[in-house]
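We name chains A, B, ... by the order of the sequence lines, and we start the count at 1 in each one.
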Amino acid sequence: MKTIKEINEKIKKGEAVVVTAEEMIKIVEEEGAKRAADYVDVVTTGTFGAMCSSGVFINFGHSDPPIKMLKIYLNNVEAYGGLAAVDTYIGATQPNEDPDVDIDYGGAHVIEDLVRGKEVELYAEGYTTDCYPRKDVNVKITLDDVNQAIMVNPRNGYQTYAAATNSRDEKIYTYMGILLPEYNNVHYSGAGQLNPLQNDYNPETKSFNTIGIGTRIFLGGGIGYVIGEGTQHNPPFGTLMVKGDLKQMDPKFIRAATMPRYGSTLYVGLGIPIPVLNEKIAERCAIRDEDIEVPIYDYGTPRRDRPLIAKTNYKVLRSGKITLRVNIDGKEIEKTVKTGSVSSYKMAREVAETLKQWILDGKFLLTERVDTLGRAEYKPMKSPITLVKDVLSKPPITAQSNISIMEAAKILIKHNINHLPIVDEYGRLVGIITSWDIAKALAQNKKTIEEIMTRNVITAHEDEPVDHVARKMSKHNISGVPVVDDYRRVVGIITSEDISRLFGGKK
Amino acid sequence: MRKRIYYWTASEHINEPVISDTILNTGVKINILKAKVEPQEAFLILELFGSKETIEKALDYLSKFGEVEEISKVIKRDSEKCVHCGCCITQCPINAIYMDEEYNVVFKEEECVGCKNCMKACPFKAIEIIE
Ligand code: SF4
Ligand code: SF4
């Protein structure tokens, strides 16, 4: 048994034994947890990945005459204006207001530019009062010009992050990177055996051995603190809320990124020292990639509860490929696909190494936590959901491809509809024609349904959320989508009128 | 062996089957990675497969009708920007990107066909494809 005080004394004398969590694995394997606990004083951990829930409080100092800022923009990225006169909070994922710049420059990029010492343009507007007569201000500032720039990240350092794949027949663009169609890749995130919360976890009590409020940490290349549990904290999916001084940070460990067609995010380097106070702590610090279970979810299903495709671990994920059992077109098949990481293990290592060096150099002392992390809570939002089956027009009006164009036109008029799904003898969808197709057939002198129908039909499923179908329609610029069952039989149709009626009725 | 080249043909040869003739006359195999034909000039990126001699013969032959420049690299990665995350790895159709044992993301540059998938996937805009 050791105390943090004793460890700090050793650090000051330059006698502490400090190893990274990776090195600890070997030590415990070779010498056992008991011996490791005897002589190892600190284990350093690290992680480096996309942490969307990050941002910075900035105090700009007062202008002359003073202004009470309400709408605040930094390089065209809006920052929160609901604080006191010259304070703001800029979040990493806030997109640029300028449509020409789009999502390629957001809050995260402003933060990185500040850390790099670059000039950033501040534009702010306010309403005038007796003490704040100024209406707007437009100046260039650097990190040196502002008073405080305090990074406060509400949710960082996830203990485990689920991996992602995609069942759809098209690429999707997610915060886990680009997911290829038909389960053709798996993307994962997280430092696994180097992850701070993972190395400090006690699975029996579902709590953390040493990390708590007041734990001094490595944050973005500077010194920071854990200030509590993060949002959505729910061990073994624990999270941390952390703070640090942006003015101390290093652009190597604070990096702005843009997930393609998703948005901006901040890659944050975060490292936590774990004091090896006893054998139990030593043992947990030897956790390996293969010991950490990672679920793989289907991000192709745009629902909160995504289907679980498989369970794996970080060792398999880091091998570069994985074999999945998946269902494609109703057939169960085995498929070996590539795995790719979204976070950087190389940089996580560098974080753990840097923190280790700080401690060895006597520059960084450990702190005793003042309290444990707070309550675990992770529950879904109570939000209404409308599924396709709630709004679809039934029964479906369909036709077979052997009818004439004239007959098709009559059906459209008789039922006052614009879309006619064409089906085979079993009712399975083979194409669709619209009133526009019929007009075109007349103009171009086409004779048969086969000639004019669209064959690659975008479809919907009864259990799909309406919001998803609305997005499909606007993406493909169409106004109606046949609804099909698992056998591609048409069970109805959903049109943009159905959807607008729905939203119109609600208001 | 394999060699990648940029190839410009002068306008008077645009209507001639220069590439086919090169293949027939020298026995080299050619993959056309890019071709842009305009009235005054044609620009191509070619990949030649064959023995050292056949490739040399092919280059000689091609030089008669235009200008040849060897490409050593198609991908350019900014090592300052790249954090070795790995978002690009699964996007490469020919497995030219992988993670090594030290967790570096490595590009086998000689295999790249310039499809740009990795470039589009990189969250840090660290990849440039030279055209
Ligand atoms: S996606 Fe970009 S930053 Fe990540 S490894 Fe590839 S080149 Fe490097
Ligand atoms: S450009 Fe295409 S082929 Fe070349 S490395 Fe990138 S993904 Fe692979």
**Student:** Give a yes or no on whether A:R261 atom CZ has more than 12 heavy-atom contacts from other residues, nucleotides or ligands under 6.0 Å away.
**Tutor:** no
**Student:** Under the 3.5 angstrom rule, does the side chain of A:T258 hit a backbone N or O of B:P123 as a donor-acceptor pair?
**Tutor:** no
**Student:** Please report the shortest heavy-atom distance between A:H187 and B:C87, naming the atom on each side.
**Tutor:**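 A:H187 and B:C87 have their closest heavy atoms at CE1-O, 3.8 Å.
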**Student:** Under 4.5 Å from any heavy atom of chain B, what part of A:A256 do you find: side chain, backbone, both or neither?
**Tutor:** backbone
**Student:** Please classify the contact of A:D104 with chain B as side chain, backbone, both or neither, using a heavy-atom distance under 4.5 Å.
**Tutor:** side chain
**Student:** Pick one of side chain, backbone, both or neither for A:Y267, based on which atoms fall under 4.5 Å of a heavy atom in chain B.
**Tutor:**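 Side chain only.
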**Student:** Taking 4.5 Å as the heavy-atom cut-off, does anything in residues 97-107 of chain B contact chain A, and if so which residues?
**Tutor:** B:E102, B:Y103, B:N104
**Student:** Taking all non-hydrogen atoms of both residues, which atom of B:C85 and which atom of A:V342 are closest, and how far apart?
**Tutor:** CB-O, 3.2 Å
**Student:** Check each atom of A:T339 against the heavy atoms of chain B and say whether the ones under 4.5 Å are side chain, backbone, both or neither.
**Tutor:**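 Just the backbone, heavy atoms under 4.5 Å.
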**Student:** What closest approach, in Å, do A:P260 and B:A121 show between heavy atoms, and which atom pair accounts for it?
**Tutor:**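 Answer, listing the atom of A:P260 first, then B:A121: CG-O, 3.5 Å.
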**Student:** Please report the closest heavy-atom contact between B:Q91 and A:I178, naming both atoms and the distance.
**Tutor:** NE2-O, 2.9 Å
**Student:** Looking only at heavy atoms and a cut-off of under 4.5 Å, which of A:M259, A:M347, A:R349, A:E350 has the most pairs with chain B?
**Tutor:** A:R349
**Student:** side-chain hydrogen bond (donor to acceptor under 3.5 Å, both in side chains): which pairs involve residues 309-322 of chain A, sequence neighbours left out?
**Tutor:** A:D289-A:R318
**Student:** Flag yes if more than 12 heavy atoms outside A:K338 fall under 6.0 Å of its NZ atom; otherwise flag no.
**Tutor:** yes
**Student:** So what's closer than 4.5 Å to chain B heavy atoms on A:F48: side chain, backbone, both or neither?
**Tutor:**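 Contact with chain B is through the side chain of A:F48 alone.
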**Student:** Which pairs, with at least one residue in residues 55-68 of chain B and sequence neighbours excluded, count as a side-chain hydrogen bond (donor to acceptor under 3.5 Å, both in side chains)?
**Tutor:**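 Residue pairs with at least one partner in residues 55-68 of chain B: B:N25-B:Y61.
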**Student:** Got a sec: does the CD of A:E29 have more than 12 other heavy atoms crowding it under 6.0 Å?
**Tutor:** yes
**Student:** Are there residues of residues 77-84 of chain B whose heavy atoms fall under 4.5 Å of chain A's heavy atoms? If so, which?
**Tutor:** B:E80, B:K81, B:C82, B:V83, B:H84
